[in-house]
Structure formats: C-alpha cells, structure tokens
Amino acid sequence: MVFLRQFGIILCFSLLGEILHFLIPFPVPASVYGLVLLLLALCTGVVKLEQVQKTAGFLIEIMPMMFIPAAVGLLDAWPELRPVWIPVSAITFVTTVIVMGATGRTVQSIIRRERGKQV
C-alpha cells in the first residue's frame with residue numbers, strides 16, 4: 001500500500017506537469033515541469049522525502065528497462081537513420097561526455113559544499 005500511495009504522489013506531480021505544459025507555451029517537456037514541481041515541493045517541505053523515497057528508488061532501479069521501447073523504435077527507424085548514422089553517433093557521444101562531465105562536476109561541488117558545512 002505504501003508503494004501505491006507514493007506512486008500516486010509522483011503521478012500527481014506528473015499530472016501537474018502535463019497541465020503546466022498545456023497552459024504555458026514554452027517548449028519544455030511536461031515531465032520537466034513535473035520534476036521541477038516535485039523538487040520544489042521537496043525543498044519547501046510540502047512533500048517529505050519519506051513520502052516518495054521507496055517508490056522513487058524502485059523507479060530508478062528499473063529505469064534501464066524504460067529505454068527498451070526507445071531502442072526498438074530506433075531499430076524500426078534504421079532505414080531513415082542509415083544515411084546519417086555517423087553524425088548522429090558523433091553527436092550522441094560528444095553530448096554524453098559533456099553531460100557526464102557536467103554531472104560529475106556538479107556532484108563534486110555539492111559534496112565539497114556538504115563537507116564544508118560539517119566542519
């Protein structure tokens with residue numbers, strides 16, 4: 001029952017993200033709106049971490065499974081991708097390295113800041 005309640009909270013924020021996406025004419029995905037709203041709710045204490053932690057952990061654990069339909073879709077689109085696969089692969093590689101570097105730097109700075117607060 002805990003998982004259903006927590007999943008319901010996460011779904012409510014996803015729904016709010018969909019509503020914002022419909023109302024605000026910016027090219028921002030609805031999922032991003034929902035994640036930002038959930039982050040704000042967690043930072044302000046409207047939603048406590050314990051209220052979504054178990055289900056969020058489960059969703060993160062199964063995240064690789066969510067990419068399987070996208071991979072199958074790429075296989076279906078191979079005839080269209082064949083002429084441009086080299087540039088697409090290069091762009092994918094470069095942006096992946098950039099995202100990994102930015103994420104690593106961000107995590108390092110957060111860890112350093114947290115260590116500074118503990119002293």
Side-chain angles (χ1 to χ4, degrees):
M1 195 66 173
V2 171
F3 282 104
L4 286 177
R5 185 179 317 113
Q6 291 184 6
F7 193 65
I9 292 169
I10 294 171
L11 281 180
C12 285
F13 281 95
S14 293
L15 175 63
L16 290 173
E18 291 289 339
I19 293 169
L20 279 179
H21 179 70
F22 180 75
L23 295 175
I24 301 174
F26 293 132
V28 177
S31 58
V32 173
Y33 283 127
L35 286 172
V36 169
L37 289 173
L38 182 56
L39 176 64
L40 290 173
L42 286 166
C43 288
T44 59
V46 173
V47 174
K48 304 286 187 244
L49 182 60
E50 299 80 33
Q51 293 177 298
V52 293
Q53 190 170 15
K54 286 184 180 180
T55 300
F58 171 73
L59 291 172
I60 288 171
E61 287 176 11
I62 66 165
M63 191 184 327
M65 296 291 292
M66 305 300 177
F67 289 100
I68 291 174
V72 171
L74 284 175
L75 291 175
D76 285 341
W78 179 246
E80 291 84 15
L81 286 174
R82 184 179 311 197
V84 294
W85 77 272
I86 292 176
V88 168
S89 298
I91 290 168
T92 301
F93 176 77
V94 169
T95 56
T96 299
V97 169
I98 291 170
V99 167
M100 288 173 65
T103 303
R105 289 283 197 177
T106 304
V107 169
Q108 285 177 343
S109 69
I110 290 171
I111 290 172
R112 285 188 193 117
R113 189 177 326 142
E114 290 298 319
R115 284 185 184 158
K117 288 180 182 178
Q118 291 175 359
V119 173

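- Atom CH2 of Trp78 has more than 12 heavy atoms from other residues, nucleotides or ligands within 6.0 Å.
- Note that CD1 of Ile86 is 12.5 Å distant from CG of Leu81, once rounded to the nearest 0.5 Å.
- Interatomic distance, Ser14 OG to Ile10 CD1, rounded to the nearest 0.5 Å: 7.5 Å.
- Each of Ile60 and Ile68 belongs to its own hydrophobic cluster when Ile, Leu, Val, Met, Phe, Trp and Tyr are linked at side-chain heavy-atom distances under 4.5 angstrom.
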Donor-acceptor contacts under 3.5 Å from residues 17-29 side chains, at least two apart:
from: His21; atom 1: ND1; to: Val28; atom 2: O; distance (Å): 2.8

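- Panel note: side chain Thr95, backbone Thr92; a donor-acceptor pair is recorded below 3.5 Å.
- Ile91 and Leu74 are not part of a single hydrophobic cluster, where members link through side-chain heavy atoms under 4.5 Å apart.
- A distance of 10.5 Å separates SG of Cys43 from CG of Leu49, quoted to the nearest 0.5 Å.
- Note on Phe93 and Trp85: separate hydrophobic clusters, where clusters join Ile, Leu, Val, Met, Phe, Trp and Tyr whose side-chain heavy atoms are under 4.5 Å apart, directly or indirectly.
- In terms of hydrophobic clustering, with Ile, Leu, Val, Met, Phe, Trp and Tyr side chains grouped at heavy-atom distances under 4.5 Å, Leu39 and Tyr33 are assigned to different clusters.
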(request) Let me see the working for Phe7 and Leu59 under side-chain contact (heavy atoms from CB on, under 4.5 Å), right down to the final yes or no. (result) CA-CA 9 Å; Phe7 193 65; Leu59 291 172; 4.2 Å; yes
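- Hydrophobic clustering of Ile, Leu, Val, Met, Phe, Trp and Tyr side chains at less than 4.5 Å, counting indirect connections, keeps Phe67 apart from Val99.
- Looking at heavy atoms from C-beta onward, Leu15 lies out of side-chain contact with Leu11 at the 4.5 angstrom threshold.
- Ala41 and Thr44 get closest at one heavy-atom pair: O-OG1, 3.3 Å.
- Using a distance-only test at 3.5 Å, with no hydrogens or angles considered, no donor-acceptor pair links the side chain of Glu114 to the main chain of Ile111.
- When each of Leu35, Val47, Leu42 is checked for a side chain to side chain contact (heavy atoms under 4.5 Å, CB included) with Phe13, only Val47 meets the rule.
- Without hydrogens or angle criteria, Gln6 side chain to Lys54 main chain gives a donor-acceptor distance under 3.5 Å.
- Annotation: the span from Gln51 atom CD to Arg5 atom CZ amounts to 9.0 Å, rounded to 0.5 Å.
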